[in-house]
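Note sheet for the following structure.
The model shown is predicted, which means the values in this text are computed figures rather than measured ones.
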Amino acid sequence: MHTMCFWPSSGSQRVEAIGAALAVLILSFAATAPARAQDTPTGTLSGRVVDAQTDEPLQNATVALWTETATDSTLVTGTVTGPEGRFSIDDVAVDAYTLRISFVGYSTQRFPDTRPARDAEDADLGTIQLAPKTTQQGEVEVTADRPAARVETDRNVYNTSERALSAGGSARTVLEDLPSIRIDMDGSISFRGNESVSLHINGDPASLQGQSLVSYLESLSADAVERVEVIPNPSAKYEPEGMSGIINIVLSRDLEAKWNGGLTLGGERDANDRYGGNGSANVGVQAGGWRVVGTYSHRRDSEEDTNARTVERFAQNESNTWVDQTGREEEQDRSHSFRTEVDYNFAESTSLGLETSLSLRRNEENGVTNYWEYAGGTPTAPNRTDRYARVLDNSSSDESVDGRLDFGHDFSEDHSLEAQVRYDRDFETEDGLYNVYGAEDGTRLSSPRERELDVVNEDEQDGSLEVDYSRPLGAFSLETGYKGTLRRLDSDQTYEGRTTVFTFDELIHAAYGTLSRGIGDFQLEAGLRAETVNTTFDLSSDNEVTNSSYVSVYPSAFITYKPSPKQQARLSYSKRVDRPGLWDINPIEDNENPTFREEGNPGLAPEYIHSFELSMTQRWGVGSVSVTPYLRHTVNEIEEVRRRETNANGETVIVRRAENLSSSTSYGTELVTTFNVGDRLEGTISGNVYRSVTDGSNVTTDLSNDAILFSGRGSVRGKLRDGLQLELSQFYRPARDIPPQGRIDRFTSTEMALQQELLGGDGTLTLRVDDLLNDTNINMWYRDQDLYQESNMQWGAREVSLSFQYNFGSGSNSDQRGRDRDYR
C-alpha cells in the first residue's frame, strides 16, 4: 500500500502569490471606489413584444441596440424576450441608439433615436407589435447577421453555422479550421501549442478524453454546431482543468420558430480511392412552455495511412542494432449519434430540462508493417538478422451515453439559482490480432511464425452534482457554487496470455466564489476556487494499490477596460491544473509496434499552470484586431520520456513513459484579425508566436529545451454572386527543434469549399476539398542517449466531398439566418 500527496513547489507558490495579490488588489480597489465613480450615466430599456394580429406574446424575439452613423453600424448589446414577451436591457450608457426588434416570420421594427432612461417608468417602451410576413419576398433583408468572429469580455466567439468549409463535415472539421486550434493525428487537441485544453459541450466538460473524444467529435455533424467559444484564461467559476483554457462547443437549438427541422446528406472520396458518407436529420417543436429537439447523425469514413521509420539503437559494449520499417493501414469507421433535448418552462422564471445523447462507434483496422532488423555498423544486407511482416486485423467499438437534468429559477433580475445532475458512461472494447510472418528470399511465408492476441475492455462512468447561485451584493455581483464529481474506470487487457486488471477512482469536491463590479469604463472581477481531490489506483492483477489526496486553491483576477463599444483591454490571471490523464497512468500497454512500448505511470503528479494575459481589441466598421501577449508558468510539467529496455524475450525495446519535469515557461503573443469588405468578402487571419523554456534536468534524459515556435492560419469567405460563396483556409506551422536533439519539418494544410444556395435559400449544395495540395504529412528526426530515429507519417489524403443540406419549418431559411444570437 502506497500513499502519495502532491503539493505545488515553492516556485509555484511564489507565482501563485502574485496572482492572489492581484485578486486582493482588485477587490480592495472595487470596495473602496466611490459608488458614483462612473463617468457616464447608465440607464435601462424595457418593454413587451407581441403579435400584431393576435396580441400573443412572442418569446425569443431578438432585441438589439445599435449605434449607427453614415458609414458604420455597430452592435452595442441586446437580449431576447421571455415567455411573456418581456425584455429588459440594463446598464447601458445613456445615449442615442437604434433599437431593432426582430422575430422569425415577422417584419423587423426599428426605432431610431432610442435613449435608455434611469427611471424605470421612463425606461418602459410599452407594448411593441410585430406584424407577420404574409408573402415570401424574393429578396429578404437580414438584420443583425452574426459576424464570423467576435471578441467578448472573456472569450473569442466563432460563429460556424454558416461556414461553407463546415458543411457536410463533422465537429472535428469545425474545430480544425479555427485560429490557434489543432487536432493532431493521435487525437490530441491543442490551443496555442499546448495540448492541455479543456473541451466543453454546451458549457459542460466533455466526459470523453483522448481518441474517444475525437471519435465522438467525428460522429457529430458540423451542422449541429452553432458556434465555438474559446476562453483562454477562465475565471474561478470554471473547473480548473485545461492548462491553456477552455474550448466550448455550443450546439444549435434552432427553435425560434414554432417548429423546424433539417436534413444533410453527403459523400466523399480521397486520393487513395477511399469512400465515405454522412447523413443527419434534426427536428424540433416548441409550444405551451415545452421545447423538444431531436437529432440523429450517421457517418462512414475510410482512410489509408502510411508510415516509414528507421531506428538505430546505441549499444555500449557491442554493435549497434537497426530496425527499418514501412507500414500501411486501412481504417473504416462507422458511427451513429442521437441527441434529444426536452425543456419545460413552469413559469417565466422557472424551467426544467433534460438532455440525453447516445453515441455508437465501430472501427475496423487492417494493415501490414514490414520490418528489417540489422546488427553491425551499417544497415546493409550482410548485416541483416531478421526480416518479417506483422499483419494487423483489429476491430473496436465505443458506446457512450450521457444524461443531464437541469433546473433553473430566476428570483429577480440578476438573482438566480441553477442546478444540474449529470451521469455519463463510456464502454470501449478492442480486439487486435497480430500475425507475424517470416520471409525467405524476399518472399513472405504462408504460415505465421507467431500470433499475438490483444483484447482490451474499458468501462468509464462519471457522475456529478452542480449548483450555481448568483445575485447582486450591494455594488457587487456575486457568483458562488459547488460541484461534486465522481469518476470510475474499470479496465482489463489480455495480451499473449497475461491479464492486467485495474480500477481507477477519483472524487472531487469543489466550491468557488467570484465578486465583480463595474466602475465607469472598468469591470473588475476576482475569484477563488478550492478543491479536494482523492484518487485510488488499484492494480488488482499485481496486488498494488496507490492512494493520493491533495487540496488546491485556484485564484483568478480580471480587469477589463472598455471606453467604447469598439475598444477593449483585459488584464487577467488564473491558476489552472492538468491532472494526469488515464492514458498517462494506465498500465495497459500499446502493442501496435513491437519496437516501442507505452507504459503508464500511476505515480504521476498533476501539473499546475499560472497564466497571465493582456488582451487588447480594436474594432472598426471593416473588421477588428485583437493582440494578446501572454505568459504561462508550469510546475511539474508532464512530458513523455523515452528509455531503452530489454523485454522478456531478450529483445531491446524503447519504452515511452510520462514523467513530471521540473517546470516550463512560455511567453508570446497571439494576433487575431477579422475583416469584411461590404457584404462580399470577410475573413480571419491569426498568428501565434511564443518562446518555450523547459527545465527537464530532473529526469535521466535531460529534456531541457529553449525554442521559439510559430503557427498561423488564414481563412477568407467571398460571395461570387448572390447565393454562391467560396471559402479558403490555410494553416502553416514552420519546422521546429525537439529536445534533446531533433527536428520536425514544417506542417501545412489547405482547405477549400464552394457553396451554392438552392430552393430559395432553404437548401445548400457544398463542394469541399480537404488537404487541397495533398501534403498533410510529418517528417522528423530524433536523437538521445539510447537511439537515433528518422520517420515519415502521412495520414489520409486529399479528400473531395459533396453535401446537400435542407432546412424546413415555420419561416424560411433566409429569415432564420439572423436567429440564435448570443448577447452577453
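Minimum interatomic distance between Arg632 and Ile609 (heavy atoms only, all atoms of both residues): CD-CD1, 3.3 Å. When all heavy atoms are compared, the tightest approach of Thr766 to Ala753 is CG2-CB, 4.5 Å. Contact between Ile638 and Pro580 at its shortest, heavy atoms only, is CD1-CA, 4.2 Å. For Gly279 against Leu265, the heavy-atom pair with the smallest separation is CA-CD2, 4.2 Å. The heavy-atom pair separating Gly623 from Asn676 by the smallest distance is N-OD1, 3.7 Å.
Side-chain contact between Tyr275 and Ser302: absent, with no pair of heavy atoms (C-beta onward) separated by less than 4.5 Å. Side-chain contact between Met616 and Thr628 is absent, with no heavy-atom pair separated by less than 4.5 Å. Contact annotation: the side chain of Thr326 never approaches that of Tyr371 to less than 4.5 Å [non-hydrogen atoms, C-beta and beyond]. Using a 4.5 Å cut-off on side-chain heavy atoms (C-beta onward), Glu365 and Leu392 make contact. Using a 4.5 Å heavy-atom cutoff, the side chains of Trp781 and Tyr788 are in contact. Counting heavy atoms from C-beta on, the side chains of Asp305 and Asn307 never come closer than 4.5 Å. The shortest side-chain heavy-atom distance between Val672 and Thr684 falls under the 4.5 Å cut-off. Between Val228 and Val174 there is a side-chain heavy-atom pair separated by less than 4.5 Å.
A distance of 12.0 Å separates CZ of Arg309 from CD of Glu790, quoted to the nearest 0.5 Å. For the atom pair CZ (Arg300) and NE2 (His336), the distance works out to 9.5 Å, reported to the nearest 0.5 Å. Tyr238 OH to Asn233 CG: the interatomic distance, rounded to the nearest 0.5 Å, is 12.0 Å. Here Leu773 contributes atom CG and Thr748 contributes atom OG1; the two are 7.0 Å apart, rounded to the nearest 0.5 Å. To the nearest 0.5 Å, atoms CD (Glu268) and CZ (Arg274) are separated by 13.5 Å. Atoms OG and CG, from Ser395 and Asn363 in turn, are 8.5 Å apart once rounded to the nearest 0.5 Å.
Remark: Leu765 pairs with Leu758, Leu802, Phe804 by the side chain to side chain contact (heavy atoms under 4.5 Å, CB included) rule, at least two apart or across chains. For Asn366, there are no side-chain hydrogen bond (donor to acceptor under 3.5 Å, both in side chains) partners at least two apart in sequence or on another chain. With sequence neighbours excluded, the residues that form a side-chain hydrogen bond (donor to acceptor under 3.5 Å, both in side chains) with Thr310 are Asp324. Residues that satisfy the side chain to side chain contact (heavy atoms under 4.5 Å, CB included) test with Ser280, not counting sequence neighbours, are Ser221, Asp223, Thr264, Ser297. Partners of Arg579 under the salt bridge (charged side-chain N to carboxylate O under 4.0 Å, His left out) rule, at least two apart in sequence or in another chain, are Glu241, Glu531. Applying the side chain to side chain contact (heavy atoms under 4.5 Å, CB included) rule to Val391 yields the partners Val368, Tyr437, Arg444; only residues at least two apart in sequence or on another chain are considered. Residues that satisfy the side-chain hydrogen bond (donor to acceptor under 3.5 Å, both in side chains) test with Asn792, not counting sequence neighbours, are Asn779. Shown here are the salt bridge (charged side-chain N to carboxylate O under 4.0 Å, His left out) partners of Asp706, two or more places apart in sequence or in another chain: Arg691. A search for side-chain hydrogen bond (donor to acceptor under 3.5 Å, both in side chains) contacts involving Arg328 returns Glu330, not counting sequence neighbours. Taking Asp737 as the reference, Arg743 meet the salt bridge (charged side-chain N to carboxylate O under 4.0 Å, His left out) condition, with sequence neighbours excluded. Partners of Ala707 by side chain to side chain contact (heavy atoms under 4.5 Å, CB included), not counting sequence neighbours, listed by chain and number: Asn705, Leu709. With sequence neighbours excluded, no residue satisfies salt bridge (charged side-chain N to carboxylate O under 4.0 Å, His left out) with Arg334.
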From CA spacing to verdict: salt bridge (Lys or Arg N to Asp or Glu O under 4.0 Å), Arg576, Asp578: CA-CA 7 Å; Arg576 302 190 63 75; Asp578 186 17; over 6 Å; no
Pair Arg227-Glu229, salt bridge (Lys or Arg N to Asp or Glu O under 4.0 Å): steps then yes or no: CA-CA 7 Å; Arg227 66 182 184 275; Glu229 301 173 342; 3.0 Å; yes
Worked check of side-chain hydrogen bond (donor to acceptor under 3.5 Å, both in side chains) between Arg313 and Gln789: CA-CA 9 Å; Arg313 295 176 291 209; Gln789 171 184 322; over 6 Å; no
Intermediate values then yes/no, side chain to side chain contact (heavy atoms under 4.5 Å, CB included), His610 and Thr634: CA-CA 6 Å; His610 303 271; Thr634 305; over 6 Å; no
Verdict with supporting geometry, Arg746 and Tyr732, side chain to side chain contact (heavy atoms under 4.5 Å, CB included): CA-CA 8 Å; Arg746 65 109 172 112; Tyr732 177 75; 3.8 Å; yes
Full working for side chain to side chain contact (heavy atoms under 4.5 Å, CB included) between Val250 and Val225: CA-CA 6 Å; Val250 181; Val225 180; over 6 Å; no
Test side chain to side chain contact (heavy atoms under 4.5 Å, CB included) applied to Tyr630 and Ser611, step by step: CA-CA 7 Å; Tyr630 60 89; Ser611 176; 5.8 Å; no
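Side-chain N/O atoms of Ser749 and Glu751 include a donor and acceptor closer than 3.5 Å. Side chains of Ser715 and Arg717: no donor on one and acceptor on the other come within 3.5 Å. Between the side chains of Gln618 and Ser624, no donor-acceptor pair is found at a separation under 3.5 Å. Side chains of Gln755 and Gln725: a donor on one and an acceptor on the other come within 3.5 Å. For the residue pair Asn636/Glu607, the side-chain donor-acceptor check at 3.5 Å is not satisfied. Judged purely by distance below 3.5 Å, without hydrogens or angles, the side chains of Gln325 and Thr369 never pair a donor atom with an acceptor atom. Looking at Ser803 and Arg768, their side chains never bring a donor and an acceptor atom within 3.5 Å of each other.
Using modelled atom types, one side-chain atom of Asp695 and one backbone atom of Ser697 make a donor-acceptor pair closer than 3.5 Å. Thr673 places a side-chain N or O within 3.5 Å of a backbone atom of Ile685 that can act as its donor or acceptor partner.
Arg680 and Asp722 are joined by a salt bridge, as a carboxylate oxygen and a charged side-chain nitrogen come within less than 4.0 angstrom of each other.
Figure legend: Arg390 and Tyr434 shown as a cation-pi pair, the cationic atom lying under 6.0 angstrom from the six-membered ring centre and within 45 degrees of its axis.
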